[in-house]
Amino acid sequence: MTSATDSSAIGLPVPTERLLELYRMMLDARLFEEKAHKLFFEGLVKGTSHLALGQEAVAAGFAAAMRPDDLTFCTYRGHTHTLLRGADMAALMAELLGRATGCCGGKGGSMHLTDVAVGAMGSYAIVGAHLPIATGAAWAAQARGSGQVVVVFFGDGATNIGAFHEALNFAAVWKLPVVFVCENNLYMEYTPIGSVTAVPNPAADRAATYGLDGIIIDGNDVEAVYAAAVEALAHARSGDGPLLIEAKTYRHGGHSRADPGTYRPDEEVKAWLDRDPIPAFRSRLEAEGVESATLAEIEAASSAAVDAATEDARNAPFPDPATLETQVWADGGSRWRT
Amino acid sequence: MADLTYRQAVGRGIAQEMARDPRVYFIGEDIAAAGGVFKTTEGLHERFGPDRVRDTPISEEAITGAVMGAAMNGLRPIAEIMFSDFFATCWDIVANQIAKARYMTDGQITLPLVIRSANGGGARFGAQHSQAMENWAMAVPGLKVVAPSNPRDVIGLLAASVRADDPVIFLEQKSLYASKQDVPEGEIVDELGKATLAREGSDVTVVALAAMVPRAVEAAEILAGRGVDVEVIDLRSLVPLDMTTVLRSVAKTSRLVTVEENPRLCGWGAEVTSIVTEEAFYDLDAPTLRITTPHIPLPSADTLEDLAMPSSATIVTQIQRVANG
């Protein structure tokens with residue numbers, strides 16, 4: 001098993017502008033989701049929502065390392081991944097609020113945020129289903145010689161479903177340019193992953209089965225994630241086949257909407273909150289000489305961006321009833337008979 | 001014209017489209033080097049090479065997921081699911097992912113893909129390799145469902161399916177693989193959602209699909225000798241459903257019979273019948289009639305399987321009830 005937990009260990013000095021960009025990305029994601037959580041309790045976000053508060057470093061580190069034409073596939077816990085590939089924040093917020101200006105016109109909702117234009121190829125709400133789909137997108141990249149890499153994010157719970165194993169074997173046999181990233185937040189939903197999995201590292205310990213290295217990274221260290229992502233993308237792009245990375249991280253909240261996550265031991269929660277990726281990274285930036293004013297400027301800008309997106313979404317119209325039966329077929333309609 | 005089997009027509013249809021469009025790729029279990037377990041795809045691997053015609057592991061979720069992802073990223077892929085019963089192992093990808101991606105993303109995702117499969121009974125394979133599952137697919141919004149009854153249509157409808165920008169479930173009836181027909185040389189391309197008249201007639205409209213079409217035509221020939229002139233409609237696709245042709249025929253004959261291979265409940269004939277009764281009730285001179293396989297899993301023994309599936313003899317007997325009504 002290899003481990004890449006420290007960017008300096010693999011000789012990758014990250015320029016300050018990129019570090020500040022990573023900080024901005026994590027903040028955007030954090031503030032966006034905190035707002036979404038608030039709007040849920042105001043009754044404005046309907047249905048359900050699955051927040052990735054605490055897991056921002058994984059999304060930011062990878063998104064920052066990806067090429068614009070690379071493709072992201074993520075789960076129903078996908079607000080952050082979609083946003084950080086460059087999707088319009090107001091369109092995402094509007095989608096959560098079921099508005100016409102939402103990225104999916106209100107037809108997708110929180111669990112299906114998608115923005116194909118920026119390579120955010122969808123949020124998939126059936127656990128594990130998107131791993132074979134991402135593999136297929138990587139097959140097309142290989143077939144067309146496009147040079148794209150596909151990155152697919154999934155939770156620890158997905159490692160126990162068949163699609164995970166089918167996709168990994170398929171991608172390994174065909175040597176496809178896909179990076180599988182397990183965001184191990186220790187809980188499949190409400191149940192500790194360790195209590196339902198035969199091995200301690202649910203993704204990494206299965207890697208050898210498919211002839212892959214079991215790579216474990218600190219998913220709360222954005223620099224480590226970024227360094228691992230740069231390396232993984234280069235590997236996949238060079239034609240050396242897929243990679244499987246397990247990022248250890250933690251969900252600050254519960255599984256979904258109002259779940260307070262009380263099944264988690266207090267000391268465990270506290271230990272991980274102390275390892276919150278954002279304040280930790282902020283302290284590191286200050287220690288490296290970034291001025292407080294620069295960080296405050298980024299913080300104010302993120303906050304303003306979320307407020308503006310929220311205002312925009314709140315004021316957006318509801319979907320036109322005429323759209324109910326559109327976009328089932330490529331002709332834009334839903335007609336099934338003559 | 002060339003004498004072509006339904007089996008050979010599958011290979012010719014795929015070859016026609018792969019030769020025309022370099023974005024068409026073909027994957028599945030045993031389809032490349034082995035030429036397919038039904039020998040439908042012999043020669044494709046040699047002709048188009050190992051990149052475009054590629055064997056997969058026995059991983060139906062990976063196969064269907066692969067064509068979905070590939071269709072999202074610039075290919076127009078064809079997958080084979082060896083037996084249509086195996087759709088049950090990848091129904092999440094087919095029904096939850098492929099069928100819904102376009103609607104859920106408000107048109108951001110287009111999936112020009114075809115999933116071919118050997119469907120239906122008559123081969124003595126038992127309940128897990130014989131199902132007529134067209135209704136499963138028909139019931140899910142977002143899937144087109146095509147089922148040819150003869151070699152010529154295999155080519156024309158396969159071409160239409162590959163060229164469609166929507167996902168198509170393409171069901172080949174495995175008991176028809178050995179059936180033959182004179183098929184014209186050259187490119188054949190049909191349109192989805194166009195039924196054909198397998199036999200013109202004026203007394204009773206019989207609507208059939210896939211293997212039930214030749215059986216309905218055989219029944220019609222027998223009935224012709226008894227003074228009943230049966231019109232047989234070959235639906236060819238369930239989605240889109242060509243109700244124009246059905247309603248026009250019923251307006252002429254005033255009698256409707258559907259012949260379905262699938263088990264009884266929620267079969268496509270129920271949908272066709274309900275539309276006719278809603279929209280053409282006053283054209284009807286007799287109660288409508290559905291002929292189906294009973295609502296049972298299909299048995300293996302030849303005598304039992306033959307008893308289960310609608311035969312031309314059963315169809316003759318049943319149609320006579322309506323014709324005399």
Side-chain angles (χ1 to χ4, degrees), chain A residues 71 73 102-109 111-117 121-122 124-126 128-144 146 148 150 161-163 165-171 173-174 176 178 319 323 326-332 334-338, chain B residues 23 25 27 51-52 54 56-75 77 89-90 92-93 96-112 138 141-142 144 164-166 193-195 238-247 271 275:
Chain A
L71 304 177
F73 288 74
C103 59
C104 300
K107 288 173 170 171
M111 292 202 282
H112 300 294
L113 298 182
T114 303
D115 189 348
V116 167
M121 304 303 283
Y124 295 79
I126 308 291
H130 59 312
L131 278 73
I133 301 165
T135 299
W139 166 40
Q142 180 191 66
R144 297 195 293 116
S146 69
Q148 296 161 293
V150 177
I161 204 162
H165 298 276
E166 289 196 15
L168 274 161
N169 181 61
F170 195 102
V173 172
W174 287 20
L176 298 176
V178 51
T323 64
T326 62
Q327 294 299 355
V328 172
W329 307 126
D331 67 5
S334 60
R335 197 161 171 76
W336 52 269
R337 60 165 283 199
T338 63
Chain B
R23 297 170 299 174
Y25 282 64
I27 65 170
D51 288 339
R52 289 183 69 197
R54 202 161 176 183
T56 68
I58 299 176
S59 299
E60 280 82 11
E61 284 190 284
I63 294 166
T64 49
V67 289
M68 176 177 175
M72 293 166 81
N73 195 23
L75 302 190
T89 70
C90 55
D92 172 48
I93 304 287
N96 281 328
Q97 311 301 336
I98 289 173
K100 293 173 176 58
R102 181 174 196 91
Y103 186 81
M104 289 198 308
T105 63
D106 202 26
Q108 292 184 62
I109 290 172
T110 299
L111 297 177
M138 187 189 192
K144 295 202 163 163
D165 283 333
D166 294 308
K194 296 275 186 203
L238 296 180
V239 182
L241 183 64
D242 182 1
M243 284 308 299
T244 308
T245 298
V246 174
L247 289 164
E271 189 58 51
I275 293 171

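The figures that follow rest on heavy atoms only: side chains count, while hydrogens, waters and symmetry mates do not. By convention in this document, chain letters (A, B, ...) are assigned in the order of the sequence lines, proteins followed by strands, and residues within each chain are numbered from 1.
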Close side-chain approach of A/Tyr124 to B/Asn96, heavy-atom, < 4.5 Å: no
Could you look at A/Ala134 and say if it's the side chain, the backbone, both or neither that has a heavy atom under 4.5 Å from chain B? neither
Between chain B and each of A/Ala143, A/Ala167, A/Gly162, count heavy-atom pairs under 4.5 Å; write down the option with the most. A/Ala143
Tell me whether B/Glu60 contacts the main-chain N or O of B/Thr89 through its side chain, where contact means a donor paired with an acceptor under 3.5 Å. no
Who among B/Asp242, B/Thr110, B/Asp165 has the most heavy-atom pairs with chain A under 4.5 Å? B/Asp242
Just wondering, do A/Val328 and A/Trp336 contact through their side chains at under 4.5 Å, heavy atoms? no
Decide side chain to side chain contact (heavy atoms under 4.5 Å, CB included) for A/Trp329 and B/Val239; before the verdict, give the C-alpha distance in whole Å, the side-chain angles of both, and the deciding distance to 0.1 Å. CA-CA 11 Å; A/Trp329 307 126; B/Val239 182; 3.7 Å; yes
Flag, side chain of B/Gln108 to backbone of A/Thr114, donor-acceptor distance under 3.5 Å: yes
Please determine, among B/Ile275, B/Thr64, B/Ile58, B/Thr56, the option with the most heavy-atom pairs under 4.5 Å with chain A. B/Ile275
Interatomic spacing from CE in B/Met138 to NZ in B/Lys144 - rounded to 0.5 Å: 13.5 Å
Quick one: what part of A/Thr326 sits under 4.5 Å from any heavy atom of chain B, side chain, backbone, both or neither? both
Heavy atoms, side chains only, cut-off 4.5 Å: are A/His112 and B/Thr105 in contact? no
For A/Trp174, is there any backbone N or O sitting under 3.5 Å from a side-chain donor or acceptor partner on A/Gln142? yes
Which residue out of B/Cys90, B/Gly69, B/Gly74 racks up the most heavy-atom pairs below 4.5 Å with chain A? B/Gly69
The interface call for B/Leu247 against chain A, heavy-atom contacts under 4.5 Å, is side chain
Most chain B-contacting option - heavy-atom pairs closer than 4.5 Å, from A/Gly109, A/Ala140, A/Cys103, A/Ala117: A/Ala140
Under 3.5 Å, is there a donor-acceptor pair linking the side chains of A/Thr323 and A/Lys107? no
Is A/Leu71 close to chain B through its backbone or its side chain, or both, or neither, when contacts mean heavy atoms under 4.5 Å? side chain
Shorter than 4.5 Å, heavy atoms on both sides: which option in B/Met72, B/Met104, B/Arg102, B/Gln97 has the most such pairs with chain A? B/Arg102
Is A/Ala141 close to chain B through its backbone or its side chain, or both, or neither, when contacts mean heavy atoms under 4.5 Å? both
Contact origin within B/Pro112 toward chain A - heavy atom pairs under 4.5 Å: neither
Is A/Asn169 in contact with chain B via its backbone, its side chain, both, or neither, using a 4.5 Å heavy-atom distance? side chain
Where on B/Leu111 is there a heavy atom nearer than 4.5 Å to chain A: the side chain, the backbone, both, or neither? neither
